[in-house]
Structure formats: structure tokens, C-alpha cells
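One structure is given here, and the rest of the page talks about it.
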Amino acid sequence: MALIVHKYGGTSMGSTERIRNVAKRVAKWHRAGHQMVVVPSAMSGETNRLLGLAKELAPSKASLSYERELDMLASTGEQASSALLAIALQAEGLQSVSYAGWQVPIRTNNAYTKARIESIDDARVRADLDAGKVVIVTGFQGMDDEGNITTLGRGGSDTSAVAVAAAMKAQECLIYTDVDGVYTTDPRVVPEARRLKTVSFEEMLEMASLGSKVLQIRSVEFAGKYRVPLRVLSSFTPWDIDIHAEAASGTLITFEEDENMEQAIVSGIAFNRDEAKIALRGVPDKPGIAYQILGAVAQANVDVDMIIQNISKDGKTDFSFTVNRGDYAKTMDLLRASVLPGLGLDDLVGDTKICKVSIVGIGMRSHVGIASKMFRALSEEGINIQMISTSEIKTSVVIDEKYIELAVRALHKAFDLDQPATA
Ligand code: ADP
Ligand code: ASP
Ligand code: MG
């Protein structure tokens with residue numbers, strides 16, 4: 001008898017009909033002899049609805065007390081869907097109990113709205129499993145040291161599921177969603193995108209960090225750290241399909257680079273519309289300047305992504321970087337108030353209408369000319385590249401947001417991702 005963790009996303013939990021389907025699927029796994037822990041997301045649209053209500057009453061303020069209440073609020077979405085799933089399972093004739101994060105407890109730090117899981121006490125869940133119950137654990141939430149409810153960042157139910165699977169040494173963590181696996185790129189943007197049967201952990205980590213929201217990046221980090229077998233699959237197949245076929249469907253995240261790996265040089269294309277670009281012009285080219293600028297930004301808890309400093313001319317240079325779009329206004333204000341005066345500058349330009357497009361593949365390690373192929377494909381579409389960053393297994397460019405779909409399609413084609421892999 002194996003312990004299996006299932007996670008169901010918002011669309012999969014989107015109506016009572018869908019919740020009933022989830023319950024039937026979970027019941028099938030339970031009846032096949034598995035111990036089942038299920039981690040649901042809030043019903044689709046619910047987290048946005050709740051956060052929208054808060055925004056109506058007060059526009060986002062980065063104060064701790066405001067963010068504490070956002071977490072109190074947003075966590076209710078998962079509490080409702082979890083209870084509904086337990087009720088649906090009971091209606092299927094199974095014993096089932098649901099727990100909020102704090103009841104497990106799942107302990108996190110106190111970084112409201114983006115908390116990190118620190119530990120999970122599995123005693124209560126294990127006792128229920130041993131008593132034959134299906135246990136539902138709310139996704140997306142935990143509790144800090146002082147007993148406050150915290151949430152794990154958007155898409156965080158993936159991380160809850162993988163963390164529970166890691167803590168309980170589950171045999172596998174199955175992430176059920178509204179697509180049937182991880183694709184070469186978002187299939188909603190490129191209909192020719194292909195499902196990958198396997199994707200390496202490193203590629204998945206890059207794809208998630210570069211914007212493929214099919215898995216939250218922290219869930220992939222957890223899977224890597226604790227070697228949790230992780231599979232992404234569809235919740236939209238008939239619930240009563242053969243369990244062995246279901247268990248082998250979707251995309252498996254692999255930790256080995258050897259057998260069965262698809263041998264493409266570029267495995268996938270990720271994109272991110274959530275970035276904004278900031279440039280300081282005519283910055284003095286001398287030691288300590290990057291620190292003066294980015295130190296202040298880091299102090300304000302803003303993550304910086306790409307950074308570019310041009311070659312200087314007459315002792316001056318241009319310094320550009322990107323931040324999350326949600327941090328754009330705050331960063332511009334901060335630079336104007338406390339960085340520009342110290343540098344004797346007043347030339348600050350920002351652009352929120354940009355996006356980042358990336359190609360990812362472990363094959364890039366051993367092949368040259370991949371980045372230039374990317375740049376050629378973009379130039380053939382007349383797309384101007386504003387920034388470039390590379391690492392061992394990815395190349396990213398910042399371009400005008402209006403070209404995002406054109407760029408992703410062009411790259412998908414240029415790297416033959418619509419063709420079957422030659423594994
Ligand atoms: P859930 O609510 O189940 O967590 P999400 O909306 O968070 O679902 O993630 C699934 C979505 O991720 C898909 O509907 C798809 O549009 C998007 N997506 C982005 N990149 C990819 C990719 N490379 N492969 C599959 N899906 C992707
Ligand atoms: N409900 C949360 C969100 O919408 C968490 C999740 O779905 O994973 O971000
Ligand atoms: Mg998700």
C-alpha cells in the first residue's frame with residue numbers, strides 16, 4: 001500500500017460537478033489500496049475574487065498588517081474547496097477529513113503573501129490515514145510561529161502538495177491540472193505545442209522560474225531537494241479510466257539525464273509578462289555604483305532579475321534592470337527619492353510594456369550557436385531585442401510586450417518543437 005499525494009488546481013475544483021469528479025477519481029485510487037492525501041486549490045477565480053474585494057476597500061499597501069489580512073482572506077478559498085471535497089468523498093462512501101494548514105500544522109516563516117514552508121508535522125494526517133481516511137490538506141497556506149495564517153504566493157498549492165509529499169515520503173505526487181502535462185510551451189499560446197513525456201528537473205526549474213506557471217517554482221525546488229517523484233497530468237480525463245494508464249500519463253519530472261530523455265537541444269519556451277524595465281542614464285562609471293542602486297532596491301525587498309550595464313563613454317554609463325511588474329511603482333519611487341539625488345541624476349526611465357521570452361534546454365550546454373539561432377529567428381520577425389541574459393541551459397531576451405505571441409511562435413518553430421522528438 002503506497003502513500004500518494006494528489007493536487008487539484010482551481011479549474012479542476014471549479015464547480016460542484018468537478019469536485020464530484022475529483023472525489024470519484026480519488027475514491028478510485030483509495031479503493032485500489034492507496035493511502036491518499038489530497039491538496040486542492042481554491043475553486044477557479046476565487047482567490048482573484050477575494051483579493052479583488054480587498055483592493056476595492058484599500059489599494060495594495062505594502063504594510064505587514066495589510067498583508068496579514070490578505071492571507072487571512074485568501075486562505076479561505078482553499079478552506080472552502082477542501083471542505084467541499086471532503087464532503088464529496090463522504091458522499092462517495094469514504095471516510096474523509098479536511099485540515100487547514102494551521103491544523104496540520106504546516107509551519108512557514110512570516111513573509112505574508114509569499115511565505116516559505118519550514119516544516120510539516122505529519123502525525124495527525126498519518127493517524128487519519130492509518131484509520132482508513134482520505135485526508136484533505138488545504139493548498140497555498142500555512143501558519144507562522146505566532147499562529148498567524150500565511151499564504152505561499154500565487155500558484156502555491158503546487159508547493160503545498162510537493163512539501164506534504166516530501167514530508168510524508170509519499171511514493172509519488174501527482175499534480176492534476178487543466179492540461180495533460182508539461183508542454184514545449186504554453187499550449188494556449190502555441191496550439192502546435194507538444195506534450196513532453198518527461199522533462200528534467202533542471203529544465204522544469206528554469207521553465208517555472210522563467211514564467212511557465214504550470215508548476216510554481218518552489219514546488220519544483222522542493223521536488224529537487226527531497227527527490228519527490230512528480231508528475232503533471234490532466235484532471236479532465238474520465239475519472240474511471242484505468243488507474244495504471246492514468247498513473248503513466250502526463251509528464252514525469254526526471255532527476256536523471258540518461259534513459260528515455262527526449263534529446264532536443266531546446267526543450268521548451270517560457271515567457272513572462274510580469275516584468276518591467278527600469279533604466280538610469282548617465283550613471284557615473286566608478287566602483288560602488290551598482291551597489292548604491294541595487295542595494296537600495298534589495299533593502300526594499302524587491303527582487304531584481306536581469307541587469308545590464310553598458311560600456312562607459314566619457315566616464316558615464318547606462319544602467320538597466322528588470323523587476324516584477326508589481327514592484328515597478330515602488331522601485332521607481334524609491335529610486336527617485338533616495339538613489340537619484342545621491343548620484344546627481346534625474347534621468348530615470350521605466351517601461352512596463354515589456355516581456356521576457358526564454359529558450360530552455362539542457363542540450364544547450366553541449367551545443368554552440370543556439371543563442372544566435374534564437375536572435376536570428378526574432379530578427380526575421382522584425383522583433384527588437386532590448387536585453388539578453390544567458391545561463392548554462394537558457395537564453396532569455398526582453399522584448400516589447402506586443403510581440404510576445406509572435407516571438408514564442410517563431411522560436412517554437414525555429415527550434416522544431418512542433419516536430420516529434422528524436423529520442
Ligand atoms: P492549476 O489551476 O491547475 O494550478 P495553472 O493555471 O496554475 O493550473 O497551470 C496550468 C496552466 O499553465 C495551463 O492551463 C497552461 O495554460 C499554462 N502553461 C504555461 N506554460 C505551460 C507549459 N509549458 N505546459 C503546460 N502548461 C503551461
Ligand atoms: N488559489 C491560489 C492561487 O490562485 C493557489 C493555487 O491555486 O495554487 O494562486
Ligand atoms: Mg497552478
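Just so you know, ligand 1 is whichever comes first in the structure, and atom 1 is the first atom listed for that ligand. Because the structure is a prediction, the values reported are computed rather than measured.
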Exercise for review: Have a look at ligand 2 and work out which part of Q216, if any, has a heavy atom under 4.0 Å from it: side chain, backbone, both or neither.
Suggested key: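 Contact part for Q216 vs ligand 2: neither.
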
Point to revise | ligand 2 N/O within reach of G153 N/O, cut-off under 3.5 Å | key: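 No.
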
Check your understanding: Is there any N or O on K7 that sits under 3.5 Å from an N or O of ligand 2?
Key ->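 No.
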
Exercise for review: Examine ligand 2 and decide if any of its atoms is less than 4.0 Å from a heavy atom belonging to G156.
Suggested key: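 Per 4.0 Å heavy-atom rule, G156 contacts ligand 2.
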
Review point. Under 4.0 angstrom from ligand 2, any heavy atom of G9?
Key: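 No, that is not the case, since the closest heavy atom of the residue is not under 4.0 Å from the ligand.
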
Does one side chain, of [X] or [Y], offer a donor that lies under 3.5 Å from an acceptor on the other?
X	Y	value
Y176	E246	yes
S235	S12	yes
R116	N110	no
E203	S267	yes

Exercise for review: Run through V164, V38, V5, V125 and flag the one making a side-chain contact (heavy atoms from CB on, under 4.5 Å) with V135.
Suggested key: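 Result: among V164, V38, V5, V125, V125 is the only option passing the side-chain contact (heavy atoms from CB on, under 4.5 Å) with V135.
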
Review point. Looking at R18, K213, R188, which one forms a salt bridge (charged side-chain N to carboxylate O under 4.0 Å, His left out) with D178?
Key: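 Single pass found, and it is R188.
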
Check your understanding: How far is atom 3 (C) of ligand 2 from its nearest protein heavy atom, and which residue and atom name does that atom have?
Key ->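 Residue, atom and distance for the closest contact: R154 NE, 3.3 Å.
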
Review point. Which protein non-hydrogen atom lies closest to atom 7 (O) of ligand 2, naming both residue and atom, and how far is it?
Key: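 Among all protein heavy atoms, the one nearest atom 7 (O) of ligand 2 is S41 OG, 3.1 Å.
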
Please set out all donor-acceptor pairs under 3.5 angstrom arising from side-chain atoms of residues 381-392, sequence neighbours excluded.
residue : atom : partner : partner atom : Å
Q386    : OE1  : K277    : NZ           : 2.9
E392    : OE1  : R365    : NE           : 3.3
E392    : OE2  : R365    : NE           : 3.3

**Study point:** Shortest reach to atom 1 (N) of ligand 2 by a heavy atom, considering only Q141, K213, E78, M13
**Key:**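 The nearest heavy atom belongs to E78.
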
Could you pull out all donor-acceptor pairs under 3.5 Å where a side-chain atom in residues 350-357 meets a protein atom, sequence neighbours excluded?
residue : atom : partner : partner atom : Å
D351    : OD1  : K353    : N            : 2.8
K356    : NZ   : E275    : OE2          : 3.1
K356    : NZ   : D305    : OD2          : 2.5

Review point. Got more than 12 heavy atoms from elsewhere within 6.0 Å of CZ, R281?
Key: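 No, because the 6.0 Å sphere around CZ of R281 holds 12 heavy atoms or fewer from other groups.
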
Check your understanding: Listed by chain and number, what are the salt bridge (charged side-chain N to carboxylate O under 4.0 Å, His left out) partners of D240, not counting sequence neighbours?
Key ->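 Salt bridge (charged side-chain N to carboxylate O under 4.0 Å, His left out) check on D240 returns nothing, list empty.
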
Check your understanding: Mind checking what residues have non-hydrogen atoms under 4.0 angstrom from ligand 1?
Key ->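 Within 4.0 Å of ligand 1, protein side: K7, G9, G10, T177, D178, V179, G181, V182, Y183, T185, D186, P187, R188, M207, S212, K213, V214.
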
